[in-house]
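The model shown is predicted, which means the values in this text are computed figures rather than measured ones.
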2 protein chains.
Amino acid sequence: MGQKGRDARLRQPRVTIKDVAQAAGVSPSTVSHAYSGRRAISAKTKERVFAAAEALGYSADPHARSMRTGRSEMIGLVLRPRFAATGAPETSETFNRLAGSIAIECLRRGIGLVHVPDPTRQEHSAVPMDGCIVAHPYASDPTIDFLEARGIPVVCADPDPDRPALPWTVGVDYSTGMRAAFEALGVGPGRRVWLLPGSEDNAWNREARRVHARWCEDSSLRTEVHALSESLSPDEAEALVSRLLADHGAPDALVFSLSKTSGPVLRAVASAGLRVPQDLKLATLTDSSFSRTARPSITALDLNHEGLASAAVDLMMRRLGGEAPPGGVVPVAPVLHARESTSR
Amino acid sequence: MGQKGRDARLRQPRVTIKDVAQAAGVSPSTVSHAYSGRRAISAKTKERVFAAAEALGYSADPHARSMRTGRSEMIGLVLRPRFAATGAPETSETFNRLAGSIAIECLRRGIGLVHVPDPTRQEHSAVPMDGCIVAHPYASDPTIDFLEARGIPVVCADPDPDRPALPWTVGVDYSTGMRAAFEALGVGPGRRVWLLPGSEDNAWNREARRVHARWCEDSSLRTEVHALSESLSPDEAEALVSRLLADHGAPDALVFSLSKTSGPVLRAVASAGLRVPQDLKLATLTDSSFSRTARPSITALDLNHEGLASAAVDLMMRRLGGEAPPGGVVPVAPVLHARESTSR
DNA sequence: CTGAAAGCGCTAACAG
DNA sequence: CTGTTAGCGCTTTCAG
């Protein structure tokens with residue numbers, strides 16, 4: 001039974017602060033202070049304490065310590081399951097890249113990171129964490145309120161769509177980055193630049209349409225937009241792009257949202273007898289191995305998950321350190337990778 | 001100061017089990033048992049307790065709970081930094097995929113996962129975890145001994161190279177998978193099959209050489225092996241393969257270890273005027289977006305990090321559940337993805 | 001500079 | 001079925 005397992009693990013009785021104190025011939029509080037440095041301990045006493053601790057293989061019980069101090073020196077991470085659930089390769093690449101980056105950032109700072117299954121699922125007991133990063137929250141995400149109500153400070157990595165002005169938020173600066181992507185096409189007035197956004201209604205697709213429209217207006221270009229659903233298979237995507245090119249005539253440049261459609265788009269363009277970049281410039285609004293390894297390689301907007309991770313952890317440390325919240329969303333700059341598909 | 005931050009977070013006094021008990025007009029132990037179900041509580045009492053808890057926004061203090069029970073319902077994960085440190089894209093893809101898979105596996109089971117910076121770095125206080133997965137341990141990794149000495153059960157995800165027979169280990173079954181990769185080439189006796197392994201001395205490269213040699217012998221093939229260092233740039237790798245083809249004459253099939261060199265290998269082969277798969281079959285001993293999206297796509301051995309993750313978490317749950325250790329390394333089957341580069 | 005003792009919030013014996 | 005009570009191991013007053 002479970003009973004057996006517990007016994008097996010407690011076989012070796014825990015070495016407590018009392019054992020160390022006894023072995024070193026001092027009181028428990030002296031041992032505690034020797035480590036914490038919160039009061040002066042003579043050098044030789046410290047010596048004896050550490051030697052005894054070493055010999056006994058002592059390390060402080062994190063539970064007892066946290067119970068006393070109220071802190072766990074760990075931060076939590078909530079990742080919305082939609083990123084993990086769907087089997088789309090690009091989706092899991094995003095999930096893994098964000099989770100991995102936050103993990104690495106925490107390792108670097110020597111702070112513990114705990115993945116939280118789902119805080120709102122009433123589990124009786126909460127997860128020990130001093131604060132919690134909620135990555136890509138849902139609209140009006142109840143997790144945020146739940147955690148804050150229990151006194152756990154939250155940092156949002158990308159805003160809650162319904163509450164973009166929440167304090168303690170970091171977010172990718174889509175509009176600047178997307179603008180840069182359009183600029184990189186290097187097309188002059190009077191040219192035709194298509195946008196092929198995804199069909200899901202999220203901030204990223206919305207921004208793409210908005211920035212495209214604005215930029216076309218500023219540059220005196222006609223706007224042409226054709227949605228390319230996230231759920232299309234590669235072959236379906238290729239067929240759709242081929243049809244669009246046939247029906248509407250090829251534009252001078254084409255910007256698509258999902259980099260996973262790099263291959264299909266390239267093949268459709270090639271089938272139409274167009275060369276990239278000579279006849280048609282190409283750019284995509286997210287970066288992945290698909291755009292990097294395509295031939296020709298595709299100019300892409302790297303959404304900079306690493307930067308988002310780093311900024312989120314940094315903001316959390318500030319918040320836990322008692323600083324005042326920043327004036328607005330802390331912007332994370334996406335990075336444009338100019339590649340062969342937009343070279344002159 | 002830190003003082004300020006602490007106060008800010010403790011602004012809202014913690015709701016304890018006593019508060020709930022008082023509000024519901026019962027004793028603290030009744031509240032405890034209402035949740036844990038470790039003794040029978042009348043339906044209406046439970047009702048009152050939960051209502052009171054809900055109203056007060058109660059959830060149990062994880063520190064106090066863990067201190068009492070000795071368990072934290074979390075498992076730890078130690079990932080060796082070499083995977084994160086080097087900037088190689090394939091390396092970080094591996095790191096992220098493994099970390100992400102373990103995270104997802106834990107989310108699925110509703111168990112907490114804590115990334116452990118480095119347990120052996122004497123931090124005075126340990127990290128709260130019921131057990132710890134050490135992924136890709138170093139040879140004679142001291143982390144394993146350190147944790148076990150402190151009574152924290154360890155599961156190795158891929159063996160400690162110096163101690164492959166440690167109990168509670170899961171490992172990728174390289175040899176079976178690699179054998180399958182060679183078989184997939186579909187070449188007959190008397191043909192020439194090159195192996196281009198990496199130059200690092202790790203289990204994976206060692207196995208590749210061993211399996212290749214054995215298979216060549218079994219199939220009456222000449223063995224030709226040329227190392228392709230992990231540190232080469234794409235252009236350097238392409239140049240090296242081109243030179244090898246020129247110097248030694250093209251083989252009938254070529255197996256390379258690192259899938260990130262898919263592009264370079266393909267280009268070198270094309271430069272030599274060879275068509276894949278008609279003139280030359282190709283396979284790689286690890287899978288990634290590079291082999292998947294190449295044209296033609298490359299037959300690759302997917303090392304199945306997801307499977308490794310899942311098996312490791314599963315084994316940990318068994319160990320924590322008090323089961324006896326399995327008889328040997330729990331094998332995880334890598335998956336061969338046959339693609340265009342080996343089609344007939 | 002050091003020791004003694006209180007108590008963090010919870011669970012698990014004991015008692016009914 | 002429910003209440004009372006004794007600690008889990010640590011930090012932190014309070015005394016010296």
- Earlier contact from the 5' end, DNA chain D, for Gly25(B) and Ala64(B): Gly25(B)
Between atom [atom1] in [X] and atom [atom2] in [N], what is the gap in whole Å?
X	N	atom1	atom2	value
Ile41(A)	dT12(D)	CD1	P	13 Å
Ile17(B)	dG3(D)	CD1	C1'	13 Å
Lys18(B)	dT5(D)	NZ	P	11 Å
Gln22(B)	dT4(D)	CD	C1'	16 Å
Met67(A)	dG7(D)	CE	P	15 Å
Lys44(A)	dT2(C)	NZ	C1'	15 Å
Arg48(B)	dC1(D)	CZ	C1'	13 Å
His33(B)	dT2(D)	NE2	P	12 Å

- Message: Does His63(A) reach a base, just sugar-phosphate, or nothing at all? Heavy atoms under 4.0 Å.
- Response: nothing
- Between dC10(D), dT12(D), dA6(D), which nucleotide has the shortest distance from any of its atoms to the side chain of Ser29(A)?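 Closest nucleotide among those given: dT12(D).
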- Message: By nearest atom, which of the nucleotides dT2(C), dG9(D), dT11(D) is closest to the Arg39(A) side chain?
- Response: dT2(C)
- Show your reasoning for whether side chain to side chain donor-acceptor pair (under 3.5 Å) applies to Thr30(B) and Ser27(B). CA-CA 5 Å; Thr30(B) 300; Ser27(B) 80; 3.2 Å; yes
- Give the intermediate values and the outcome of salt bridge (Lys or Arg N to Asp or Glu O under 4.0 Å) for residues Glu148(B) and Arg150(B). CA-CA 5 Å; Glu148(B) 294 276 7; Arg150(B) 271 161 184 69; over 6 Å; no
Would you say [N] has OP1 or OP2 under 4.0 Å from some side-chain N or O of [X]?
X	N	value
Thr45(A)	dT2(C)	yes
Tyr35(B)	dG9(C)	no
Ser42(B)	dT2(D)	yes
Arg38(A)	dT12(D)	yes
Ser32(A)	dC10(D)	no
Thr16(A)	dG9(D)	no
Thr30(B)	dG3(D)	yes

- Query: Counting heavy atoms not belonging to Gln22(B), are there more than 12 under 6.0 Å from its CD?
  - Reply: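 For Gln22(B), atom CD is not crowded (no more than 12 foreign heavy atoms under 6.0 Å).
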- Step by step, would you call Met74(A) with Met74(B) a side-chain contact (heavy atoms from CB on, under 4.5 Å)? CA-CA 13 Å; Met74(A) 301 198 302; Met74(B) 300 198 301; 3.8 Å; yes
- Message: Quiz question: going by heavy-atom distance under 3.5 Å, is there a donor-acceptor pair between the base of dT12(D) and the side chain of Arg68(A)?
- Response: no
- Salt-bridged, Glu323(B) to Arg319(B), with N to O below 4.0 Å? no
